[in-house]
Protein chains: 2
Amino acid sequence: MAKIDDVARLAGVSKGTVSNVFSQKRRTSKSVTEKVLRVSRELNYVPNHIARSLVTKKTMAIGLTIPHGNFFFSVFHNQFINGVVLEASIYGYRVLLDMIPIEEVKTPSLASYPIDGAIVLGPMEQDERINLLHQNQVPFVTVGQIINDGLHEATTVNNDNNRIILDICDYLTGFGHRNLMFLNAGKHMTVSIERTKAFAQAMQKHQIELQPHMVHYKPDIHSDEYMTYGYDETVRMLGERKEKVTAIIADDDRTAFSVLNAINELGLSVPEDISLFVICGDLSMMHQVTPSLTGMDLQPSELGSQSVKQLMHKLGVLEGGYPNHVTVSSKIIERSSCSPVFGGNESVSK
Amino acid sequence: MAKIDDVARLAGVSKGTVSNVFSQKRRTSKSVTEKVLRVSRELNYVPNHIARSLVTKKTMAIGLTIPHGNFFFSVFHNQFINGVVLEASIYGYRVLLDMIPIEEVKTPSLASYPIDGAIVLGPMEQDERINLLHQNQVPFVTVGQIINDGLHEATTVNNDNNRIILDICDYLTGFGHRNLMFLNAGKHMTVSIERTKAFAQAMQKHQIELQPHMVHYKPDIHSDEYMTYGYDETVRMLGERKEKVTAIIADDDRTAFSVLNAINELGLSVPEDISLFVICGDLSMMHQVTPSLTGMDLQPSELGSQSVKQLMHKLGVLEGGYPNHVTVSSKIIERSSCSPVFGGNESVSK
DNA sequence: CTGAAAGCGCTTACAG
DNA sequence: CTGAAAGCGCTTACAG
């Protein structure tokens, strides 16, 4: 690999000049520029990114931490990553995947992160990732609320989870549903906590008594039940315990599919017997399934690109003021998996 | 940020010793180790990854290039990435996402890649990514065959695409199907080329005349038709042109869903009227859908981890001989979307 | 087991 | 517009 000295010597200029030709931080005369470029091509020379980073203190990479152990990420993650990668590329940043669960990293922070900043997806109540980032002083933005420790002003991008749950409940009760079952995300995720609170509020608003069987949490990713969450809860609540549920809200596409499967097995159908509402999920895919699933579009890709924009502001790449909290809008996409309760409020009696 | 000199001074040792405590390349006495560690903790010191990389010539990161512009990646990509990230973490490597299409990178290789090696998913006939890697002399392995240029011995991991297509065709013809439609991947991907060849062979084997409407290619990712590929071809061939297709082979889950949707709209059903076979796709998801989809498990996660293993051998991280070509097995998962042709060979007669 | 010194390949004031 | 020199924060022979 040719280095800057080789080029400088052959082109008859100083290393500083070669450096400027590539970094374009100072103008170089046309003749010199051309000569340097020609020699570089001959020698197959390309500036060493690492050496450059050492002095500029910039790696031009951002870290993306996704809280997954076994890595079954859903379409939401998929689209989110897309948004991040695409937006980051605009500013010349690469994306470093950092998804190993803390416990499994033998020597966390054995060396400093080679990143300029980080994006933390799905923060949890006690989030080691965030502590680590603070400790290493790497700027970050979280996607999802973090429990404020009072010490640091967090930068976040988030959906309006409160609004989302209220809207969904309004939508379903508008169809006459009063026996809802909400399959929430993992218990310790802050998004989950926000949603549960909102769900309780919604029940109160519609004067529905909040019962224990109405809210469930996705099992830990490491457990066996993780993959069959939707199926299991549906069979348990509707099949075994005969709860009179008429509408189910599923946390994501995988859960929704799995609920659908259980409903079919129980000899019931959607939306005739049970309405099924999915939070997020791939729009194109939800549409292709029969019945097509009514759901809330969380705009994961937008969440991704917004989080990058915020980070760029934090890094000083983007100029101008920027709010610490950005809310990405969401809206209900009506398809055919939700319908009025058969016979109106029939399910309430008995 | 504290640096190595600060620690050395405060601990009363040389920088070299501090370095050794962290790198563990040479033993240090217990007392010195403890003192250094204590001081480091006090100063919140962590070795600078970049500075280390400059001298060791190792970034401890591998690049992952996925050929997607608009980033609608399927479950296959999802699982593949999982496999890569998990396996890489075992060797202490991080994964750098490198998915920006070449055309959109303003100044490709303006600086050297800060990676030790790369994994190239889904190589194409003329693949710029591969040229770039060659040029920058970064070791890489491809997932999928590459057209051998005769100059370099490629390292690849792949499914046995020939076997796969033959197996699928055997399976379907075994059910009496003779009018197949194959919705292949993008035209310029090498996997697509392999499969088309195999499909022609299979038709010959079963003495079925190969007709133009039997093989289709996924549109370019940038085109509008990309997302509706399966739907479009199904409606066009079965609806408009009334081709007597009885079995459809879909390239991936998204395509399969979209075919399913078209079939439903045409008033037909799976598997009664049309058998649907999906190559790859999320096993858990395929299972949850109704009808559950029969498909070929390509083991994307295994493809991912194997490719990392090969790369580690190339980088000298893993010792011992290793084949240049690794084939990951695949097998048919029978579910309920394929069945015998109604009335045996009825579909052959006009 | 430890230290002093050179060097990894760049960029960046400083001077002209 | 260009050059000479210092320095980014580590690791690594070499010597002891």
Checklist entry - Mind checking the C1' distance from D:dT12 to D:dG16? Whole angstroms is fine. => result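 Roughly 16 Å separates the two C1' atoms.
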Checklist entry - Mind checking whether B:H313 and B:Y322 have parallel, tilted or perpendicular rings, split at 30° and 60°? => result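 If you compare the ring of B:H313 with that of B:Y322, the planes turn out parallel.
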Between [options], which one does the side chain of [X] approach most closely?
X     : options               : value
B:V32 : C:dT2, C:dC8, C:dT11  : C:dT2
A:R26 : C:dT2, D:dT2, D:dC10  : D:dT2
B:T28 : C:dT2, C:dC10, C:dG7  : C:dT2
B:T17 : D:dC10, C:dT2, D:dT2  : C:dT2
B:S23 : D:dG9, D:dT11, C:dG9  : D:dT11
B:V55 : D:dT11, C:dT12, D:dC1 : D:dT11
A:K57 : C:dC10, D:dC10, D:dC8 : D:dC8

Checklist entry - Are the charged groups of A:E42 and A:R38 less than 4.0 angstrom apart, N to O? => result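 Between A:R38 and A:E42 there is a salt bridge, with a charged N closer than 4.0 Å to a carboxylate O.
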Checklist entry - Under a 4.0 Å N-O cut-off, is there an ion pair linking A:K3 with A:D6? => result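 Answer for the salt bridge query: no.
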Calculate the interatomic distance between [X] atom [atom1] and [N] atom [atom2]; express it in whole Å.
X     : N      : atom1 : atom2 : value
A:L43 : C:dG9  : CG    : C1'   : 15 Å
B:I4  : D:dG7  : CD1   : P     : 18 Å
B:D6  : D:dG9  : CG    : P     : 9 Å
B:F22 : D:dG9  : CZ    : C1'   : 13 Å
A:K58 : C:dT12 : NZ    : C1'   : 14 Å
B:R52 : D:dC10 : CZ    : P     : 9 Å
A:Q24 : D:dC1  : CD    : P     : 13 Å
B:K3  : D:dT11 : NZ    : P     : 14 Å

Item to check | Nearest-nucleotide comparison on DNA chain C, the residue closer to the 5′ end among A:D5 and B:N20 | outcome: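 Its nearest nucleotide being more 5', the pick is B:N20.
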Item to check | Residue met sooner reading DNA chain C from 5', once A:A2 and B:S14 are mapped to nucleotides | outcome: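 It is B:S14 whose nearest nucleotide is closer to the 5' end.
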Checklist entry - At under 4.0 Å between heavy atoms, what does A:K15 touch on the DNA or RNA strands: base, sugar-phosphate, or nothing? => result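 Counting heavy atoms under 4.0 Å across all strands, the contact made by A:K15 includes a base.
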Checklist entry - Below 3.5 Å, does any donor atom in the side chain of B:R9 face an acceptor in the base of C:dG3, or the other way round? => result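 For B:R9, whose side chain was compared with the base of C:dG3, there is no donor-acceptor pair (under 3.5 Å).
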Next on the checklist: Ignoring hydrogens and geometry beyond distance, is a side-chain donor-acceptor pair present between A:T33 and A:T28 at under 3.5 Å?
Outcome noted: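 Per modelled atom types, A:T33 and A:T28 side chains form a pair under 3.5 Å.
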Next on the checklist: When you compare the side chains of B:K58 and B:S53, does any donor N or O come within less than 3.5 Å of an acceptor on the partner?
Outcome noted: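 Their side chains do not contain a donor-acceptor pair, so the 3.5 Å distance test is not met.
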Item to check | Pairing partner (Watson-Crick or G-U wobble, both distances under 3.5 angstrom) of D:dA13 | outcome: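 Looking at the geometry, D:dA13 pairs with no nucleotide.
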Checklist entry - Applying a 3.5 Å limit to both distances, which nucleotide forms a Watson-Crick or G-U wobble pair with C:dA4? => result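 Its partner is none (no Watson-Crick or G-U wobble pair with both distances under 3.5 Å).
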Checklist entry - Is the NZ or CZ atom of A:K314 positioned over A:F140's six-membered ring, under 6.0 angstrom from the centre and within 45° of the axis? => result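 Output yes; distance and angle both within limits.
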Checklist entry - Hey, which of these two, B:K25 or B:L54, hits DNA chain D nearer its 5' end, going by closest nucleotide? => result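 On the 5' side of the pair lies B:L54.
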Next on the checklist: Taking 4.0 Å as the cut-off, does a side-chain nitrogen or oxygen of A:S29 come that near to OP1 or OP2 on D:dT2?
Outcome noted: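 So the side-chain polar atoms of A:S29 do come within 4.0 Å of the phosphate oxygens OP1 or OP2 of D:dT2, strictly under.
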